[in-house]
Amino acid sequence: MNENVCQDTLIRIYTHMIRNKKQIQKEKTLYSDVFFQTYKLSKAVPKYKKGVPLTDEDENKVLKEFMKVMEVLEKLKLKKDLHKTSWELLDNLLQNEVIHIQDTHTIDLEDAYYTVLNLWVCLENWERCYLDVLFPVGLTMIQLQNQWPKDEKETKMALNKCLSKCHLKEIV
């Protein structure tokens with residue numbers, strides 16, 4: 001399996017999730033595994049010392065998507081519920097990602113995936129109506145990742161978990 005197959009498959013998965021966001025928000029199936037598998041795949045590649053360099057266009061796209069998520073977090077922080085501290089912590093993590101991108105014009109994809117994974121799990125459990133804000137973020141990060149794991153067996157297994165979760169045809 002080459003890297004393009006991995007990236008193309010993940011783009012197909014996230015595109016499916018964007019198109020079917022209302023269905024995904026209402027289903028009982030938990031989709032956090034899709035974000036977890038993406039995070040695992042990002043960890044399995046050699047580390048960039050300073051992150052993935054971003055063009056001005058890519059940087060603006062990532063920051064725009066992160067800002068949409070931060071707007072949702074602002075709304076959630078205003079709620080008087082048990083999760084306020086969690087929303088504040090997640091907002092701080094995301095703000096740190098934004099500051100890093102603005103300062104270095106790079107993105108540490110592993111850190112960004114980890115932050116988005118934590119956001120996903122919390123939204124999936126507490127505020128499903130806002131899940132759709134994360135799909136474009138995941139898709140944007142996948143499009144920026146220019147390296148994918150070389151381990152074909154592990155990569156295929158991770159991708160097939162995502163595909164089956166989304167009820168899409170698995171890779172043979």
Please name the pair of heavy atoms, one in Gln147 and one in Gln145, separated by the smallest distance, quoted to 0.1 Å. O-NE2, 2.9 Å
Measuring only between side-chain heavy atoms, which start at C-beta, is Glu74 closer than 4.5 Å to Leu78? no
Return the orientation label for the Tyr39 and Phe36 ring planes: parallel under 30°, perpendicular over 60°, tilted otherwise. tilted
What heavy-atom pair brings Gly51 and Thr106 nearest, and what distance separates the two atoms? C-CB, 4.0 Å
Do Lys61 and Glu57 sit within salt-bridge range, that is, some charged N less than 4.0 Å from a carboxylate O? no
Is there a path of hydrophobic side-chain contacts, each under 4.5 Å between heavy atoms, that joins Phe35 and Met157? no
Do Arg19 and His16 come within less than 4.5 Å of each other through their side chains, counting heavy atoms only? no
Under the criterion side-chain contact (heavy atoms from CB on, under 4.5 Å), I'd like the reasoning laid out for Leu76 against His83: C-alpha separation, chi angles, the key distance, then a yes or no. CA-CA 8 Å; Leu76 293 171; His83 310 301; over 6 Å; no
Other residues, nucleotides and ligands only: do more than 12 of their heavy atoms fall within 6.0 Å of CG on Asp56? no
Could you tell me if the side chain of Val121 sits less than 4.5 Å from the side chain of Asn125, heavy atoms only? yes
On the 0 to 90° scale, with breaks at 30° and 60°, tag the Trp126-Trp87 ring pair as parallel, tilted or perpendicular. perpendicular
CG of Leu123 to OH of Tyr130: how many Å apart, nearest 0.5 Å? 9.5 Å
If you take all heavy atoms of Lys77 and Glu88, which pair is closest and at what distance? CD-CG, 3.5 Å
Can you measure from CG (Leu131) to SG (Cys122) and round to the nearest 0.5 angstrom? 11.0 Å
Is a side-chain N or O of Asp58 found less than 3.5 angstrom from the main chain of Leu54, in a donor-acceptor match? no
Roughly how far apart are Leu109 CG and Thr38 OG1, rounded to 0.5 Å? 11.5 Å
Applying a strict under-4.5 Å side-chain criterion to I, L, V, M, F, W and Y, I'd like to know whether Leu89 and Leu94 cluster together. no
Please check if the number of heavy atoms outside Gln102 that lie under 6.0 Å from its CD is greater than 12. yes
With a 4.5 Å heavy-atom cut-off, do Met141 and Val62 have their side chains touching? no
Take Val72 and Lys68 through the side-chain contact (heavy atoms from CB on, under 4.5 Å) test and state the conclusion after the steps. CA-CA 7 Å; Val72 168; Lys68 288 178 188 173; over 6 Å; no
Within a strict 4.5 Å, meaning less than it, do heavy atoms of the Leu41 and Leu10 side chains meet? yes
Spatial distance of atom OH (Tyr113) from atom NZ (Lys43) [nearest 0.5 Å]: 14.0 Å
What are the two closest non-hydrogen atoms of Gln95 and Met70, and how far apart are they? CG-CE, 3.2 Å
Any idea which heavy atoms bring Lys169 and Leu163 closest together, and the distance? O-CD1, 3.5 Å
Could you measure the distance from the CD1 atom of Ile13 to the NZ atom of Lys161? Nearest 0.5 Å is fine. 13.0 Å
Output for pair (Leu134 CG, Leu117 CG), nearest 0.5 Å, gives 10.0 Å
Is Ile142 close to Tyr14 at the side-chain level, that is, under 4.5 Å between some pair of heavy atoms? yes
So, do Leu90 and Thr115 sit near enough that their side-chain heavy atoms are less than 4.5 Å apart? no
Pairwise side-chain contact, Leu119 with Val133, heavy-atom cut-off 4.5 Å (strictly under): no
Looking at Cys166 and Val34, what are the two nearest heavy atoms and their distance? SG-CG2, 4.3 Å
In terms of heavy-atom contacts, does NZ of Lys64 have more than 12 from other residues, nucleotides or ligands at under 6.0 Å? no
